[in-house]
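Here is the structure we will look at, set down as structure tokens.
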2 protein chains.
Amino acid sequence: MQASPRRQPTLDEVAARAGVSRTAASRAINDDPHVSQAKREAVRRAVQELGYVPNSTARALATRRVGAVVLAVSSDEPTLFADPFFAEVTLGVSSFLEQTDLELILLLAHTPRGTERLRRILAARRADGLMLMAVRGEDPLGRLAEQTELPVVFGGLPLHGTPRWYVDPDNRGGGRLAAEHLARSGRQRIAMITGQVDLQASVAREQGFREALTLAGLPLLAVEAGDFTLRGGESAMERLLAAHPDLDAVFAAGDGMALGALRTLRHRGLRAPQDVAVVGFDDLASAPYADPPLTTVRQPVRSLGREMARMLVDVIDGRDPGSLILPTRLTVRESAPTPAPRADAGQAR
Amino acid sequence: MQASPRRQPTLDEVAARAGVSRTAASRAINDDPHVSQAKREAVRRAVQELGYVPNSTARALATRRVGAVVLAVSSDEPTLFADPFFAEVTLGVSSFLEQTDLELILLLAHTPRGTERLRRILAARRADGLMLMAVRGEDPLGRLAEQTELPVVFGGLPLHGTPRWYVDPDNRGGGRLAAEHLARSGRQRIAMITGQVDLQASVAREQGFREALTLAGLPLLAVEAGDFTLRGGESAMERLLAAHPDLDAVFAAGDGMALGALRTLRHRGLRAPQDVAVVGFDDLASAPYADPPLTTVRQPVRSLGREMARMLVDVIDGRDPGSLILPTRLTVRESAPTPAPRADAGQAR
DNA sequence: TTCGATCATGGAAGCGCTTCCATGACAGGG
DNA sequence: CCCTGTCATGGAAGCGCTTCCATGATCGAA
């Protein structure tokens with residue numbers, strides 16, 4: 001067993017043991033074609049016997065490839081990361097990276113200090129690329145991304161400008177789906193709870209919602225802003241009800257806020273969907289467990305993460321993947337059912 | 001502006017510009033005392049002008065210190081990471097590391113492949129230390145941790161054995177708190193929903209719960225296992241009700257499961273707390289928003305993460321922090337209120 | 001048989017930094 | 001004024017790996 005405090009073996013020791021030059025050993029290990037079968041095999045055995053694993057730092061220094069990418073979550077508010085949305089994205093990213101030999105460096109940049117750290121990471125070449133989530137209006141991360149020469153992939157568009165590489169859910173289309181559904185089910189007095197106004201996702205969802213409403217000849221009674229939290233949804237809903245006690249439907253730009261809206265309705269003695277229909281956005285894991293189960297626009301969050309990672313790897317490897325828009329679709333549940341026949345209330349489109 | 005594709009400046013260039021030797025430059029940058037004020041200042045200026053940032057890979061190779069630690073989340077089930085619990089831990093870890101110059105490498109090791117990756121990370125010396133969360137019974141990660149020479153800190157005890165360094169919430173004490181509370185409030189027919197039986201946290205919570213119940217002279221009607229998910233809690237509650245339709249209280253070893261239990265009760269037409277009192281464990285962000293708001297044993301999840309990180313850094317720096325048990329305490333809300341006077345129903349102990 | 005062409009081979013030069021060690025300047029005590 | 005101790009200084013040797021390049025062996029074509 002010898003859990004000895006022995007140093008890790010080095011390439012030289014492997015080479016010595018295999019009776020070949022260090023160069024040959026390196027080649028054999030890296031599957032370079034210019035090695036004879038015999039040496040290749042000898043090296044393989046030596047590696048095996050010594051339990052050799054190449055030191056990644058040394059390799060990184062020689063190849064100028066670090067073997068790690070950063071996932072930076074921008075936020076002025078630490079708990080934003082606690083949002084299941086980010087966990088899901090991270091999961092997606094991780095699941096893709098698992099198939100590569102890249103490590104995932106997680107950076108929660110909610111303080112100025114965090115931004116500064118990212119700057120240093122990039123300047124110190126600690127990573128081969130960067131994924132940026134949820135960049136807000138004047139977020140300094142956005143600027144950082146512009147300055148670095150490293151590949152950067154955006155998750156969700158920034159408010160201004162279009163980055164070279166991004167993957168974005170079809171927020172606008174999703175907003176439209178919500179509006180069409182409510183219109184189709186006969187709602188007339190419709191309001192909306194949007195997210196932070198400096199988040200492109202909020203803006204695009206509202207935009208799509210407005211478009212489709214207009215097309216259906218329906219007015220948008222009012223819009224109140226939340227912050228994607230349950231609590232934010234609660235109070236936005238209260239404000240909406242105060243101004244428009246007679247509204248019969250509300251679209252929230254995020255499931256968390258939709259859950260908050262449901263709570264407020266319940267507290268006010270209003271029933272969903274009989275009195276007010278509620279549609280959310282995201283289709284988080286908790287949506288089906290809401291009371292009543294939440295009708296919501298589904299966006300493929302885990303795929304978002306996975307595609308960001310895939311895209312970044314492509315760029316790092318010198319390929320040019322285009323950018324990507326992921327489709328959204330409506331998941332109908334009880335908080336805003338389809339109107340009459342209620343037949344195919346599972347998944348509408 | 002010159003967003004030129006110029007190479008990053010190297011230490012040699014800084015030295016040249018400052019008119020000192022590379023050695024002196026290195027010393028100045030690393031605050032080595034053996035440098036004159038004059039040179040120190042000259043180097044500072046050169047660094048400034050060139051925008052020099054030391055290449056961390058090169059530094060790592062020379063110092064044999066990578067400047068990164070791994071947070072590995074063990075799980076056979078990918079979505080476990082989506083549990084807000086882990087997000088919160090991660091947040092705590094990150095908040096501490098932010099004050100150091102260590103990077104956080106996140107490893108979601110839910111597949112055999114993930115385990116293999118961790119093995120390689122350790123062998124390839126890609127990190128200076130390791131934090132391990134939620135190690136289950138026969139988890140291979142546990143074995144890995146034993147074999148590596150790198151510092152390892154456990155978050156939550158493993159099922160068998162006691163690692164050298166760990167931080168663990170006082171699960172047993174928390175279980176006791178729950179039992180005492182239910183006993184004190186006059187409940188008699190008490191059941192429990194536990195977590196996976198190969199998780200030490202589950203076992204300890206149940207153990208504490210049993211102890212205090214026995215001490216109070218109350219029987220434990222039944223125990224059903226869930227898996228810390230809402231769905232698991234739902235079905236466990238159903239099984240409990242089937243076997244003991246007359247139970248009047250249930251303690252769930254996790255908030256997710258408690259929420260599930262509440263749902264089942266609601267569906268069965270039972271009221272909480274009038275018919276059945278429900279106590280959870282964790283005090284997740286969603287606990288106060290449950291219906292009814294959940295009485296639960298609070299564990300300081302973010303601190304758990306922060307303390308793990310602090311501990312790991314200590315070990316890496318050659319200090320020996322002891323291990324740590326974090327206190328839990330009861331947060332009383334409506335799902336299991338205190339009995340009569342209902343006066344201090346805010347935070348009991 | 002001869003002559004390139006082909007290719008396995010290993011020496012050596014890095015990658016960019018830290019740090020050991022030898023050197024010399026300088027200050028203060030005798 | 002000399003000697004020893006102190007300390008700033010920079011040359012050079014790594015850290016462990018990749019890769020350029022020169023060398024020599026091998027082989028088939030001429």
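Not measured: the values here are computed from a predicted model. Residue numbers begin at 1 in each chain, while the letters A, B, ... track the order of the sequences.
- Distance A:Arg126 CZ to C:dC15 P: 21 Å, rounded to the nearest Å.
- Taking 4.0 angstrom as the limit, A:Thr57 places none of its side-chain polar atoms (N or O) nearer than this to OP1 or OP2 of D:dC17.
- As rounded to whole Å, 18 Å separates atom P of D:dG14 from atom CG of A:Asn55.
- Taking atom CZ on A:Arg40 and atom P on C:dA8, their separation rounds to 9 Å, with Å as the unit.
- Residue contacts for B:Asn30: at a heavy-atom cut-off of 4.0 Å it reaches the sugar-phosphate backbone alone, with no base atom in range.
- Each of B:Ala24 and B:Thr63 has a nearest nucleotide on DNA chain D; the 5'-most of these lies closest to B:Ala24.
- Listed nucleotides C:dT9, C:dG16, D:dC17 differ in distance to A:Leu61; the shortest reach to its side chain belongs to C:dG16.
- The separation between B:Ile29 atom CD1 and C:dG16 atom P is 14 Å, rounded to whole Å.
- Put simply, the side chain of B:Thr90 gets close to the backbone of B:Phe86: a donor and an acceptor are under 3.5 Å apart.
- The distance from atom CG of B:Asp32 to atom C1' of C:dT19 is 9 Å, rounded to the nearest whole Å.
- Side-chain atoms of B:Arg27 and base atoms of D:dG10 include a donor and an acceptor less than 3.5 Å apart.
- Residue A:Lys39 has a polar side-chain atom (N or O) positioned under 4.0 Å from OP1 or OP2 of C:dT9.
- Dashed line: the shortest gap from a side-chain N or O of A:Arg64 to OP1 or OP2 of C:dG16 is under 4.0 Å.
- Contact between A:Leu102 and B:Arg117 at its shortest, heavy atoms only, is O-NH2, 2.8 Å.
- Side-chain contact between B:Tyr52 and B:Ile29 is present, with heavy atoms from C-beta onward closer than 4.5 Å.
- In terms of phosphate contacts, B:His34 brings no side-chain nitrogen or oxygen within less than 4.0 Å of OP1 or OP2 of D:dC7.
- Distance CZ (A:Arg22) to C1' (C:dT9): 14 Å, rounded to an integer number of Å.
- One atom, CZ of B:Arg59, and another, P of C:dT18, lie 5 Å apart when rounded to the nearest Å.
- Minimum heavy-atom separation, A:Pro54 to B:Arg120: CD-NH2, 4.4 Å.
- Within the 4.0 angstrom heavy-atom criterion, base atoms lie near A:Ser26.
- Checking C:dT9, C:dC17, C:dC15 against every side-chain atom of A:Ala62, the shortest atom distance belongs to C:dC15.
- Here D:dG16 is the nucleotide among D:dG16, D:dA13, D:dG10 with the atom lying nearest to any side-chain atom of A:Thr10.
- If you take CD of B:Gln8 and C1' of C:dC17, they are 15 Å apart, rounded to a whole angstrom.
- Contacts of A:Thr23 with the nucleic acid, taken as non-hydrogen atoms under 4.0 Å apart, include base atoms.
- The side chain to side chain contact (heavy atoms under 4.5 Å, CB included) test with A:Val152 is passed by exactly one of A:Val315, A:Leu141, A:Leu130: A:Leu130.
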